[in-house]
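Here is the structure we will look at.
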2 protein chains.
Amino acid sequence: MSTRTSKPRRLSRRGDTRQILVDTALTMLDGDKSFDGLSLRELTREVGIVPTGFYRHFPDMDALGLALVDEAFRSLRKILEDVRQDTRSADRLVASVVKSLVRHIRAHRAGFAFIASERFGGSAVVRNAIRRELRLVQTELAVDLARLPYLKEWNTTDLHMIASLILNAMVASAIDILDVSARDREGETALMKRAEQHLRLILLGVPHWQSER
Amino acid sequence: MSTRTSKPRRLSRRGDTRQILVDTALTMLDGDKSFDGLSLRELTREVGIVPTGFYRHFPDMDALGLALVDEAFRSLRKILEDVRQDTRSADRLVASVVKSLVRHIRAHRAGFAFIASERFGGSAVVRNAIRRELRLVQTELAVDLARLPYLKEWNTTDLHMIASLILNAMVASAIDILDVSARDREGETALMKRAEQHLRLILLGVPHWQSER
DNA sequence: TATCCATGTCAACAACTGTTCACACTATTT
DNA sequence: AAATAGTGTGAACAGTTGTTGACATGGATA
């Protein structure tokens, strides 16, 4: 007993503490908290490490914010991939898109909630990162639309216009569903139906559109 | 010099300190802050009163939040009134709606930014208050739509469906415009054009809609 | 003129915040 | 077996936070 050895009882989470920090932060943000209301100390407390331990994995909270954006968009992109591989008729495709959306929302609640609430939230760093990612998604969607037979002739400006309208509608639907699905299964299917209707109504107008009247 | 009189130099803002608190809070929230990242102390510091003075006007921060929602929606409702009095043809009406929207956004930046960012933000109290107000606005819009000649026959469910699609598109446009108008006047008119196109595209689909296929 | 109420001030509290530094342990590589 | 890089600990710092209670002021009312 020469040196004060103290018993740290460290938990030795080999290499995944960083991921645990990300997941825990996302979970905490799912409830009544926004990112800039989340403190480093309550996060580390929840994870079970000492405050200073945070700095082993991130230089500061902004860096954590960016990691959260990364994590959240990973699942969002998965939806687009699913849809891309679906080569059904436009009408059946609508229902398929919405179903895929709901499935991903259920599986990645916290991630979607994060995007929704921080898209216009307090932290400029996070906000801009989200905006950048969404713009990318919109471009991808425009490219996908260009491949559809009856949109072949369209110019890119109009394609982007439709893409943004669709994306906005879907994001809005996602948020509504997100909000209700936790407690109300019946309301969820009602919102799904409405989301389908929104998409269908938009697509109804498309054939009648004429650019630059 | 019997009693320690101390020189309070109170500013005597007769009855409008409450309003100043609301306005200042909105202004502060316009920048890089979210409501639950806003502290009572920094607010009162900015306003120029001592922290405890806050409690003369609000029991707690939640109450302030509700007052902010109130204030922010006051201007949003003004838009609908403007539009309601406009009895032009559907096509010209679209342009008029967007122009009215932009005008109000410019005049009430902070209020719109608050609604946008706190709609899915951290505070449950504020979030629910906003959601309730938006639902009201949507209902009003549905009623307005019912008066349009070629929508007379529609059932209420479908009317609400359109109303929500339109409202979502407008809110999304408002937020985009809000974000860009501070620094980029050219980008603003581009976004206005896009907002008009979104509305027009939606309205194009409406005559072809058939309920319950 | 006297009183009263709305609005402000000041001091103090315990609790919480981000960040620093030097140190301890351990798994993997040398 | 020794060295190393990764990860967690503990104490300490100067600031900030929400909320309390008792007190001061001044304009309107009685």
Side-chain angles (χ1 to χ4, degrees), chain A residues 1-25 28-29 31-68 122-126, chain B residues 1-25 28-29 31-68 122-126:
Chain A
M1 249 188 221
S2 51
T3 64
R4 285 246 285 64
T5 46
S6 67
K7 42 207 143 73
R9 281 200 296 136
R10 91 175 53 194
L11 295 187
S12 136
R13 272 178 281 238
R14 277 210 316 270
D16 40 24
T17 304
R18 188 194 146 100
Q19 188 59 40
I20 295 182
L21 279 168
V22 169
D23 292 342
T24 307
M28 297 177 77
L29 261 37
D32 280 7
K33 236 172 211 18
S34 66
F35 181 69
D36 83 74
L38 178 69
S39 84
L40 183 154
R41 286 184 110 108
E42 63 181 347
L43 172 58
T44 55
R45 204 180 307 137
E46 184 79 17
V47 168
I49 62 173
V50 91
T52 52
F54 176 86
Y55 296 100
R56 296 292 168 200
H57 308 278
F58 301 98
D60 51 30
M61 285 298 265
D62 276 350
L64 172 67
L66 293 181
L68 293 180
S123 159
V125 177
V126 171
Chain B
M1 253 190 213
S2 51
T3 62
R4 285 248 285 58
T5 46
S6 67
K7 41 208 147 74
R9 282 200 295 136
R10 91 176 51 193
L11 296 186
S12 139
R13 270 178 283 241
R14 279 208 315 271
D16 40 24
T17 304
R18 188 195 146 99
Q19 187 60 39
I20 295 181
L21 279 167
V22 168
D23 293 343
T24 307
M28 296 178 79
L29 261 36
D32 279 7
K33 233 171 216 14
S34 65
F35 181 68
D36 82 77
L38 177 68
S39 83
L40 182 154
R41 285 184 113 105
E42 62 182 344
L43 172 58
T44 54
R45 205 180 305 138
E46 185 78 17
V47 168
I49 62 172
V50 90
T52 51
F54 175 86
Y55 295 101
R56 296 293 167 199
H57 307 277
F58 302 99
D60 51 30
M61 284 298 263
D62 275 351
L64 172 66
L66 293 182
L68 293 179
S123 160
V125 177
V126 172

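Letters A, B, ... mirror the listed sequences (proteins, then strands); counts begin at 1. These figures come from a predicted structure and were not determined experimentally.
Atom CD of Glu42(A) and atom C1' of dG18(C) are 13 Å apart (whole Å). For Gln19(A) and dG6(D), the CD to P distance is 19 Å, given to the nearest whole Å. Asp60(B) has its CG atom 7 Å from the P atom of dT19(D), to the nearest Å. Rounding to whole angstrom units, CZ of residue Arg18(B) and C1' of dG8(C) are separated by 17 Å. Between Asp36(B) atom CG and dT17(D) atom C1' the separation is 14 Å, expressed in whole Å. Atom CD1 of Ile49(A) is separated from atom P of dG6(D) by 17 Å (rounded to the nearest Å). At whole-Å resolution of the value, CD1 in Ile20(B) and P in dA6(C) are 19 Å apart. Taking atom CG on Leu40(B) and atom P on dT20(D), their separation rounds to 11 Å, with Å as the unit.
To the nearest 0.5 Å, atom CZ of residue Arg45(B) and atom CG of residue Leu40(B) are 10.0 Å apart.
Using a distance-only test at 3.5 Å, with no hydrogens or angles considered, a donor-acceptor pair links the side chain of Thr44(A) to the main chain of Arg41(A). Using a distance-only test at 3.5 Å, with no hydrogens or angles considered, no donor-acceptor pair links the side chain of Gln19(A) to the main chain of Asp16(A). Side chain of Asp60(A) to backbone of Ala63(A): a donor-acceptor contact under 3.5 angstrom is found.
At a cut-off of 3.5 angstrom, counting only N and O atoms as typed in the model, there is a donor on one side and an acceptor on the other between the side-chain of Thr52(A) and the base of dG10(D). The base of dG6(D) does not come close enough to the side chain of Arg56(A) for any donor and acceptor atom to sit less than 3.5 Å apart.
For dG8(C), the OP1/OP2 oxygens have a side-chain nitrogen or oxygen of Thr17(B) closer than 4.0 Å. Side-chain N/O atoms of His57(A) include none lying less than 4.0 angstrom from OP1 or OP2 on dG6(D).
Two residues, Arg41(A) and Val50(A), neighbour DNA chain D, and the one matched to the more 5' nucleotide by heavy-atom proximity is Val50(A).
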- Item | Pair Ile49(B)-Ile20(B), side-chain contact (heavy atoms from CB on, under 4.5 Å): steps then yes or no | CA-CA 11 Å; Ile49(B) 62 172; Ile20(B) 295 181; over 6 Å; no

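Looking at heavy-atom distances under 4.0 Å, Arg45(A) makes contact with sugar-phosphate atoms alone, never a base. Among the heavy atoms of the strands lying under 4.0 Å from Tyr55(B) is at least one base atom, whether or not backbone atoms are also near.
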